[in-house]
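Down below is the structure, laid out as structure tokens.
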Amino acid sequence: MKKFLALVLSTVAVTGMCADAYPSRAITLIVPFAAGGPTDRVARDLAEAMRKPLGGATIVVENVVGAGSSIGSNKVAKAAPDGYTILLNHIAMAAMPNQLRNIPFKIETDFEYMGMINEVPMTLISRTSLPAKNYKELLAWIYQNKGKINLGNAGIGSASHLCGLMVQSALQVDMTSIPYKGTAPAMTDLLGGQIDLMCDQTTNTTTYIDAKKVTAYAVTTAKRLTIPVLKDLPTMQELGVKGFEVTIWHGLYAPKGTPAEVVAKVNAALKAALKDPDFIAKQEALGAVIITDHRTDPVDHKKFVASEIARWSPLIAAAKEYID
Ligand code: ASP
């Protein structure tokens with residue numbers, strides 16, 4: 001009993017000290033998708049921008065990949081709640097409870113929400129060897145090649161998977177889903193012609209579209225984008241796909257039980273980063289939009305994720321693409 005009490009007291013003391021002195025050592029920022037992909041890109045730029053507001057702390061980005069981001073997210077859910085292990089994840093936080101119904105953690109209760117970062121449109125792209133050069137030709141090609149089309153994605157629960165489901169549901173065509181550990185490796189195969197199509201964030205695709213290494217057909221937002229490389233791309237809605245709209249959002253999460261002072265410090269550093277002109281410019285050049293509204297506050301971040309879980313549930317249930 002004495003030993004137990006001593007342990008409890010020392011834990012409290014250490015936790016208290018950590019919160020005051022935080023951060024006193026390197027922070028690990030877990031990205032649950034492959035290095036070089038769109039989520040990784042946001043994380044690496046953000047880590048740089050948050051360094052100064054966190055007193056010069058080192059933020060190490062670690063890619064813990066696989067299973068539609070559930071492996072990396074689980075690692076953070078189970079990590080020590082001391083602020084030294086943080087997760088950066090996207091809309092998968094809303095897709096996972098719908099698509100991966102047996103994940104060993106709960107999105108709603110196993111994390112401290114630390115604030116939202118940005119919103120990123122997606123683009124529908126193909127290998128350049130595919131003969132269709134615009135959406136109309138793509139539709140014709142899709143209907144001619146029914147049953148033979150490979151669609152790359154970052155696994156069930158990922159953003160690219162969700163967007164791919166929306167495309168298949170809108171066109172009423174089934175495609176073969178080819179899962180990767182992120183859309184960076186999927187992009188390598190798209191460039192090599194091993195897969196046909198992909199729907200991915202502009203934080204990955206903009207550079208390849210600009211270099212004409214992939215063919216782009218449409219953006220997934222309700223309005224056209226303004227950046228020069230993407231401004232001529234029509235929206236899916238303009239192309240006649242009613243109600244088609246998906247935007248990927250990113251946020252920061254810590255294990256449940258992380259001290260409130262630590263959450264507040266990370267949130268303040270995040271908000272400072274979201275005002276950093278260099279970070280803003282880097283993100284905007286890739287089509288991302290920095291979030292500046294109430295969703296950068298942890299409470300509203302949590303409410304927003306809950307609303308997104310409810311929003312995506314019917315589409316995923318109808319597509320029957322989930323793992324029990
Ligand atoms: N774009 C990926 C997704 O589809 C994630 C990534 O590779 O960053 O979720």
Side-chain angles (χ1 to χ4, degrees), residues 29-47 61-76 87-100 103 107 116-126 150-168 175 177-191 195 197-209 214 216 219-221 230 246-253 282-283 286-288 305 308-309 312 315-316 319 321-323:
L29 182 60
I30 304 252
V31 173
F33 293 105
T39 316
D40 184 68
R41 183 79 187 250
V42 172
R44 286 177 198 272
D45 287 351
L46 183 70
V61 174
E62 189 188 337
N63 302 85
V64 180
V65 303
S69 88
S70 60
I71 295 176
S73 304
N74 188 43
K75 183 165 181 180
V76 176
L87 171 70
L88 186 150
N89 203 354
H90 61 30
I91 198 168
M93 295 301 269
M96 275 192 284
N98 285 308
Q99 293 197 289
L100 303 168
I103 43 174
I107 304 284
M116 291 181 66
I117 306 160
N118 64 5
E119 289 179 312
V120 187
M122 298 190 99
T123 44
L124 179 61
I125 57 174
S126 77
N150 291 325
L151 180 66
N153 61 49
I156 286 198
S158 67
S160 44
H161 183 257
L162 193 65
C163 184
L165 281 185
M166 291 175 72
V167 171
Q168 292 173 81
M175 302 181 190
S177 173
I178 313 285
Y180 293 82
K181 289 183 162 54
T183 41
M187 182 62 93
T188 305
D189 275 6
L190 192 75
L191 297 177
I195 54 171
L197 292 170
M198 183 159 74
C199 198
D200 201 25
Q201 287 102 302
T202 57
T203 36
N204 189 25
T205 61
T206 304
T207 327
Y208 297 99
I209 294 172
V214 295
V219 288
T220 63
T221 38
L230 305 172
V246 58
T247 303
I248 305 312
W249 41 266
H250 295 84
L252 292 180
Y253 307 82
K282 278 185 190 158
Q283 292 293 297
L286 296 171
V305 174
E308 286 281 287
I309 292 173
W312 292 108
L315 171 87
I316 292 164
E321 290 232 13
Y322 45 75
I323 300 178

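These figures come from a predicted structure and were not determined experimentally. One-based numbering, in listed order, for ligands and for the atoms of each.
Listed by chain and residue number, Phe33, His250 satisfy the ring-ring contact (aromatic ring centres under 6.0 Å, His included) test with His90 (two or more places apart in sequence, or in another chain).
At least one donor-acceptor pair under 3.5 Å links the side chain of Thr202 to the backbone N or O of Leu286. Thr183 places no side-chain N or O within donor-acceptor distance of the main-chain N or O of Ala186, the cut-off being under 3.5 Å. Asn153 contributes a side-chain N or O that, together with a main-chain N or O of Gly155, makes up a donor-acceptor pair within less than 3.5 Å.
Within 4.0 Å of ligand 1, heavy atoms belong to protein residues Phe33, Pro38, Thr39, His90, Ala154, Ser158, Ala159, Ser160, Gly182, Thr183, Asp200, Gln201.
With a 6.0 Å radius and a threshold of 12 heavy atoms from other residues, nucleotides or ligands, Lys181 has its NZ atom at or below the threshold.
Applying side chain to side chain contact (heavy atoms under 4.5 Å, CB included) to Val61 and the options Leu46, Asp40, Ile30 leaves one that passes, Asp40.
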